[in-house]
Amino acid sequence: MVMTELALSARGLRKTFDSIPALCDVDIDIAAGSIHALLGGNGSGKSTLIKILAGVHTADAGALTVQGMEIDARRVNPSWAARVGLRFVHQDLGLFDELSVAENLTAAQEFPIRHGRIDWRALRNRAAKLIERFDIGVTPEQPLVELSQVERTLVAIARALQDDELDGATKSVLVLDEPTSCLPNDEASRLLGRLSRYAAAGHTILMVSHRLGDVVGVAHSATVLRDGRKAATLTADEITEDRIVELIAGGAVPQRERRNSATMLSTRTHAPLLDVESLPVASTGAVTFSCWPGETVGIAGMVGSGRSRLLRSIFGAQVHAGSVRIEDQYLEAGSIGSAIAAGVAYVPENRAADAAFMDQSIQTNMSIVGIRDYWRGFRLRLSLESADARRDSERFLVASNGCAQPLSALSGGNQQKVILARWLRNAPRVALLDEPSQGVDVGARAEIHQLIASAVADGATALVVSSDFAELAELCDRVLVLRAGSIVAEVPRDELSEHRLTSLAASSVAVASHA
Ligand SMILES: Nc1ncnc2c1ncn2[C@@H]1O[C@H](COP(=O)(O)OP(=O)(O)OP(=O)(O)O)[C@@H](O)[C@H]1O
């Protein structure tokens, strides 16, 4: 029998928070030079496991061996993790937009000094070597803002692995938290191709992902967690989407019935619900379009196309020229109050930073926008507020130990669901949704799609930004393609496909202007 060398092996990892188990006796083995996927529904324990490896959370029990170095899991700390070659790249990448690629690569290190000054030539040479080794396809001088999302991720990976790569002796165990979550599928494939090459060169990769399609065909093995326990370990041939969904969700995920074009066109017998005119969303260009009640309109664009700024501007979170009208009422530019009063709801992309009150309870986070509804005279009707929070926790599949729990005690995906519930529970007229299913598990994604569909069936308009173009093709009645601040195409439902949206959003060739 061939013995595979293990880069990482954990036994009996256990962690409880306030006597509630988050990880129960989890074992995991990862072969050196392989890609291992860590999968599971929201709240299943993935981040807890990774934070134990990083020494951010202290385990209650367990043993860990990384590259032959053994330790009691309760004693792992960040410097031990760094010493044994554990390297972490988080979802927010931690890069500096205003600095060059070379400066970003050096940010965590000491800058080379010559004659008392920064040795820029040495800095550039080192960066050029890393760019070549990691095949990033940029120049050391390029400012980070010019890079695509994949290139940024590769810079973050190269920064994390640079010492091991350049000294050639050590190989790392790279831990990636949802590396493809903001990427359109073709860019995700490009990144995954690179990861396979890094693994073939000897690095070991542990990757958390909710995008199951990304894992299939790339991961050599996978661990699926459910409710803090290991549900299964899968090897290459066993890693199929159906099998993973079965393990995570305990069965098939319901598909939304697609409406046909005839139904969608009938919505246009009404006046438009949302009219956007000459709204600037990037340094060049401006957008003009209308949305009708009862339709879901997608916005497909690459990072930097203006897709998120478009939603922020409509909501009044960004001052703008141009006009936004809901039926016959013009919204005040830069006034969130005016948008909320007109029935606009906004779920931002960066929900943890822009929308979550981490120290407040689930209940407060849900009711904060409509808190006036719970006052009768001078009394806050707490029992009604908590009954509604319980109902919506169930509807939105929030896994928690009661609605009084602070948001900070929930897993990332469950925090997302609370913010979505805050806005979708109040029957908005216009729902602006930036990456609505980012970070949520496969079951919740289907549920969120259903909730959007039912708000739209009640006469709302949903405007959805997603970097997952397959999601747009599945969810939307039509999609506006945004490039460099201008709408360059409008794709009707019958012509929607991930491939078509990708080629339109990425193309540098002029395409017909939308009507
Ligand atoms: N700081 C904390 N305090 C209390 N409970 C916590 C804390 N962090 C996590 N938990 C709980 O531990 C469990 C596992 O959470 P974890 O964040 O590991 O899940 P996850 O699999 O990473 O989920 P997601 O896919 O949503 O990111 C959840 O029940 C969560 O509520």
Side-chain angles (χ1 to χ4, degrees), residues 184-186 256 258-282 284-315 320 322-327 344 429-436 449 452-453 455-457 459-515:
N185 288 14
D186 64 328
R256 185 169 79 95
R258 283 191 122 211
R259 291 180 302 153
N260 60 33
S261 294
T263 327
M264 201 277 283
L265 289 175
S266 71
T267 64
R268 295 207 181 176
T269 53
H270 302 269
L273 180 53
L274 170 71
D275 270 307
V276 172
E277 208 178 323
S278 308
L279 189 71
V281 294
T284 56
V287 299
T288 295
F289 63 93
S290 301
C291 297
W292 278 262
E295 64 170 351
T296 304
V297 179
I299 305 289
M302 297 301 182
V303 172
S305 61
R307 57 189 193 182
S308 292
R309 187 164 146 194
L310 168 61
L311 299 194
R312 274 202 308 277
S313 298
I314 296 174
F315 189 60
H320 57 80
S323 70
V324 177
R325 201 168 47 148
I326 307 286
E327 289 179 331
V344 181
R429 298 173 74 207
V430 175
L432 309 170
L433 306 166
D434 202 347
E435 305 283 1
H449 286 187
I452 295 172
V456 164
T461 283
L463 198 56
V464 181
V465 166
S466 174
S467 32
D468 181 351
F469 293 165
E471 176 176 40
L472 289 182
E474 183 188 329
L475 186 66
C476 297
D477 295 306
R478 62 191 165 105
V479 173
L480 307 175
V481 180
L482 198 60
R483 246 182 12 229
S486 299
I487 294 173
V488 293
E490 176 178 332
V491 185
R493 178 212 296 284
D494 296 345
E495 295 169 27
L496 277 177
S497 72
E498 182 193 345
H499 178 73
R500 180 145 165 73
L501 293 178
T502 305
S503 60
L504 286 168
S507 167
S508 55
V509 182
V511 283
S513 242
H514 87 118

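Below, each value reflects all heavy atoms present in this structure, side chains not excepted, and no hydrogens, waters or symmetry copies.
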Colleague: At what distance, to the nearest 0.5 angstrom, does CD1 of I299 lie from CZ of F289?
Modeller: 5.0 Å

Colleague: Any non-hydrogen side-chain atom of R493 less than 4.5 Å from a side-chain atom of E295?
Modeller: no

Colleague: Quick check: do C291 and V430 have side-chain heavy atoms less than 4.5 Å from each other?
Modeller: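 Result no, sub-4.5 Å side-chain heavy-atom pair not found.
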
Colleague: Let me confirm one number: the CZ-CD1 distance from R325 to I314, rounded to the nearest 0.5 Å.
Modeller: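 R325 CZ to I314 CD1: 13.5 Å, rounded to 0.5 Å.
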
Colleague: Going from CD on E471 to CG on L501, what distance comes out if it is rounded to the nearest 0.5 angstrom?
Modeller: 12.0 Å

Colleague: Which value, rounded to the nearest 0.5 Å, describes the distance between F315 atom CZ and L310 atom CG?
Modeller: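 Output value for this atom pair is 14.0 Å.
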
Colleague: Can you spot which of L496, L433, I452 makes a side-chain contact (heavy atoms from CB on, under 4.5 Å) with L475?
Modeller: I452

Colleague: List the steps and the verdict of side-chain contact (heavy atoms from CB on, under 4.5 Å) for I326 and L273.
Modeller: CA-CA 5 Å; I326 307 286; L273 180 53; 4.2 Å; yes

Colleague: Could you tell me if the side chain of V324 sits less than 4.5 Å from the side chain of S313, heavy atoms only?
Modeller: no

Colleague: Working to the nearest 0.5 angstrom, can you tell me the gap between D494 CG and R478 CZ?
Modeller: 13.5 Å

Colleague: Among all residues two or more places apart in sequence or in another chain, which pass the ring-ring contact (aromatic ring centres under 6.0 Å, His included) test with F469?
Modeller: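 In terms of ring-ring contact (aromatic ring centres under 6.0 Å, His included), with neighbours along the sequence ignored, F469 is linked to no residue.
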
Colleague: For the CG atom of L480 and the CG atom of L504, what is their distance to the nearest 0.5 Å?
Modeller: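 CG of L504 is found 11.5 Å from CG of L480.
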
